[in-house]
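Here is the structure we will look at, set down as C-alpha cells.
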Amino acid sequence: MREANLTLIQTFFIVARDGSYSAAARKLGMSYQSAANHVRRLEQVLEERLVLSEQGAKTVMLTPRGRSLYKLLLPELDTVLARLERTLDKERPVLRIGLPQAIFYYLLPPILTRFRELFPQVEILAYERDTALPEMIKDGSLDLCITERYFGDPNVPQHLVCSYRPALVFPTAWGAAPAPGAIREWAKGRPFVTYEPGQLLRNLAIDYLRPDGSEMEITISTSGSSSVKRCVETGLGYAVIPAWCMDGTESTVTAIGLPELPEIPIYFGEASFLARNPYVVALRRLCVGFTSAMG
C-alpha cells in the first residue's frame with residue numbers, strides 16, 4: 001500500500017462506493033478508461049484483483065479482497081477527501097470546529113487568541129451546535145469538536161481536557177440566597193428555566209432538585225446556557241448553569257455553588273486521521289484546563 005498513491009486509492013474507493021467506472025469517472029472528471037486504468041494499476045501494486053466487471057455491464061462487482069479494502073478505507077477516506085476538497089477551495093489551512101454556543105461564547109475566545117498567535121494563517125470555522133457532532137466529523141463536515149458528550153466512537157477519539165461545576169443562579173431581586181441545606185425547599189413553587197429535554201445539565205438539575213421524582217414548574221426550556229442565563233437576568237426564573245457563565249460582573253443575577261453535584265467533563269474530539277495534525281494538537285493542548293480561569 002505504500003507504493004499506491006492517493007489518486008489510485010481514491011479512484012478505487014469511488015468505483016467501489018458508487019458501483020461503476022462511469023460514475024467514478026463523472027465524479028473525478030476523467031474518462032471511463034482512465035478510471036478503469038487507475039484500478040488496474042492499484043491491482044498491480046497489490047498483486048490481487050479488486051474489481052470484476054463484465055463487458056457491457058453498467059455496474060461492477062468487488063472481489064473478496066476488494067470488499068475488504070473498501071471496508072478498511074470506508075471509515076476514513078470519505079472524511080479525508082471531503083476535508084481536502086474544502087481546504088483546496090480555501091487555498092489555506094482550515095479548522096472546522098463543532099461546539100455548543102455557550103462554550104464558544106464564554107470559553108473559546110482566549111484560546112483562539114493564543115492559537116492565532118501561533119498560527120495566524122489558519123482559518124477557524126465554528127459551527128455552534130451540540131448534536132450530530134460525531135456524524136458531522138465522520139462525513140467530513142467537521143474536523144474536531146468540543147463537547148460535554150462522550151461518543152465512544154473509535155473514529156472520533158476524544159480527550160478529557162477539563163471539567164466544571166454547575167451553579168444555581170437566580171434574580172438578585174429575589175433576595176438572599178438559600179442556605180446550602182435548604183435549596184430544594186427554596187426551589188419549590190419557583191419558576192425554573194432550563195435546557196431542552198435530554199441535555200445533561202437539565203437532567204442533573206432535576207434529579208438534584210426533585211429527588212423524589214415529583215413534577216417541577218418548568219417555565220422555559222431552551223438550547224443554550226447563554227439563553228438560559230438571559231432568561232434569569234430578566235427575572236423569568238432560576239436555573240442551574242455552568243459556573244463559567246458567571247464572570248462576576250453581573251448585577252441582576254446571584255449565583256451559588258452546588259458542591260453536591262458532580263463535576264461535568266468537557267471533551268476534545270477529532271477525526272482519527274487528524275490526531276497528529278499540528279494545528280489540532282496545538283488547539284487541543286491550549287484547551288486543557290480552559291475552564292479553570294472561569295467560574
message: Run L133 and F151 through side-chain contact (heavy atoms from CB on, under 4.5 Å) and show every step you take.
response: CA-CA 9 Å; L133 293 178; F151 311 134; 4.0 Å; yes
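- Taking the six-membered ring where tryptophan is involved, the planes of F115 and F119 are tilted, since the angle between them lies from 30° to 60°.
- Taking the charged nitrogens against the carboxylate oxygens, D18 and K27 have no contact shorter than 4.0 Å, which rules out a salt bridge.
- Although no hydrogens or angles enter the test, the distance criterion places a donor-acceptor pair under 3.5 Å between the side chain of R96 and the main chain of S141.
- If you take CD on E123 and CZ on R116, they are separated by 9.0 Å, rounding to the nearest 0.5 Å.
- No single ILVMFWY cluster, assembled from side-chain heavy atoms under 4.5 Å apart, contains both L73 and M61.
- Aromatic ring pairs are classed by plane angle as parallel below 30°, tilted from 30° to 60° and perpendicular above 60°; the pair Y164 and W244 is perpendicular.
- Considering CD of Q101 and OG of S226, their distance stands at 3.5 Å, rounded to 0.5 Å.
- Classification of the Y150-Y267 ring pair by plane angle, with boundaries at 30° and 60°, yields tilted.
- Looking at V228 and T194, their side chains never come closer than 4.5 Å, going by heavy atoms from C-beta outward.
- Remark: the backbone N or O of Y208 is paired with a side-chain donor or acceptor of R184 at under 3.5 angstrom.
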- request: Determine, step by step, whether R190 and F170 satisfy the side-chain contact (heavy atoms from CB on, under 4.5 Å) criterion, reporting the C-alpha distance in whole Å, the side-chain angles of both residues, the deciding distance to 0.1 Å, and the verdict.
  value: CA-CA 10 Å; R190 295 179 185 267; F170 59 92; over 6 Å; no
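- A donor atom on one side chain and an acceptor atom on the other are found under 3.5 Å apart for Y195 and S225.
- In plain terms, the two heavy atoms of Y238 and A187 that are nearest each other are OH-CB, 3.3 Å.
- Rounding to the nearest 0.5 angstrom, the gap separating the CD atom in E48 from the OG atom in S68 is 9.0 Å.
- For K229 and E250, the salt-bridge test passes: some basic side-chain N is under 4.0 Å from an acidic carboxylate O.
- Using a 4.5 Å cut-off on side-chain heavy atoms (C-beta onward), I264 and S163 make no contact.
- Between the side chains of S221 and R202, at least one donor-acceptor pair of N or O atoms lies under 3.5 Å.
- Under 3.5 Å, the side chains of Q10 and H38 contain no donor-acceptor pair of N or O atoms.
- A salt bridge links E233 with R230: the closest approach of a Lys/Arg side-chain nitrogen to an acidic carboxylate oxygen falls below 4.0 angstrom.
- When all heavy atoms are compared, the tightest approach of P180 to E260 is O-OE2, 3.8 Å.
- The neighbour count for Q121 CD, taken as heavy atoms of other residues, nucleotides or ligands under 6.0 Å away, is above 12.
- When all heavy atoms are compared, the tightest approach of A176 to W186 is O-NE1, 4.5 Å.
- The SG atom of C287 sits 7.5 Å away from the CD1 atom of I97 when rounded to the nearest 0.5 Å.
- Clustering ILVMFWY residues whenever any of their side-chain heavy atoms sit less than 4.5 angstrom apart, transitively, puts L118 in a cluster other than the one holding V281.
- Closest approach of G152 to P154, counting heavy atoms only: O-CD, 3.8 Å.
- Heavy atoms of other residues, nucleotides or ligands lying less than 6.0 angstrom from CZ of F273 number more than 12.
- For the pair C245 and Y105, the minimum side-chain heavy-atom distance is 4.5 Å or more.
- Counting heavy atoms from C-beta on, the side chains of R165 and L261 never come closer than 4.5 Å.
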Stepwise side-chain contact (heavy atoms from CB on, under 4.5 Å) test for I14 and L28: CA-CA 9 Å; I14 296 176; L28 297 170; 3.6 Å; yes
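- Between the side chains of T172 and T254, at least one donor N or O sits under 3.5 Å from an acceptor N or O.
- One finds the CG atom of L52 at 11.5 Å from the OG1 atom of T59 (value rounded to the nearest 0.5 Å).
- Of the possible donor and acceptor atoms, none in the side chain of T219 sits under 3.5 Å from a partner among the backbone N and O of V193.
- For the residue pair E196/T222, the side-chain donor-acceptor check at 3.5 Å is not satisfied.
- A salt bridge between R40 and E43 is present, with a side-chain N of the basic residue lying under 4.0 Å from a carboxylate O of the acidic one.
- With values rounded to the nearest 0.5 angstrom, L209 atom CG is found 8.0 Å from I183 atom CD1.
- Taken together through direct or relayed side-chain contacts under 4.5 Å among Ile, Leu, Val, Met, Phe, Trp and Tyr, L160 and V156 form parts of separate hydrophobic clusters.
- Checking Q199 against N203 by side-chain atom types alone, no donor-acceptor pair falls below 3.5 Å.
- Judged purely by atom type and a 3.5 angstrom limit, T11 uses its side chain to pair as donor or acceptor with the backbone of T7.
- When atom types are taken as modelled, the side chain of Q44 and the backbone of V39 share no donor-acceptor pair closer than 3.5 angstrom.
- Seen from the ring of Y70, R17 does not count as a face-on cation partner, given the 6.0 Å and 45° thresholds.
- Heavy atoms only, all atoms of each residue included: L204 and P262 are closest at CD2-CG, 4.2 Å.
- With hydrogens and angles disregarded, a donor-acceptor distance shorter than 3.5 Å links the side chain of R67 to the backbone of L62.
- In this structure, H159 and F268 have tilted ring planes: the angle between them lies in the 30° to 60° band.
- Residues P171 and V253 are not in side-chain contact: their nearest non-hydrogen atoms beyond the backbone lie 4.5 Å or more apart.
- Taking the side chain as every heavy atom from C-beta outward, V60 and V15 approach each other to under 4.5 Å.
- Across all their heavy atoms, L99 and A126 have their closest contact at CD2-CB, 4.3 Å.
- Between L144 and L274, the closest side-chain pair of non-hydrogen atoms is not below 4.5 Å.
- Counting only heavy atoms from C-beta outward, the side chains of T147 and I266 never approach each other to under 4.5 Å.
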task: Show your working on side-chain contact (heavy atoms from CB on, under 4.5 Å) between M216 and F192 and close with a plain yes or no.
output: CA-CA 8 Å; M216 293 186 64; F192 183 48; 3.5 Å; yes
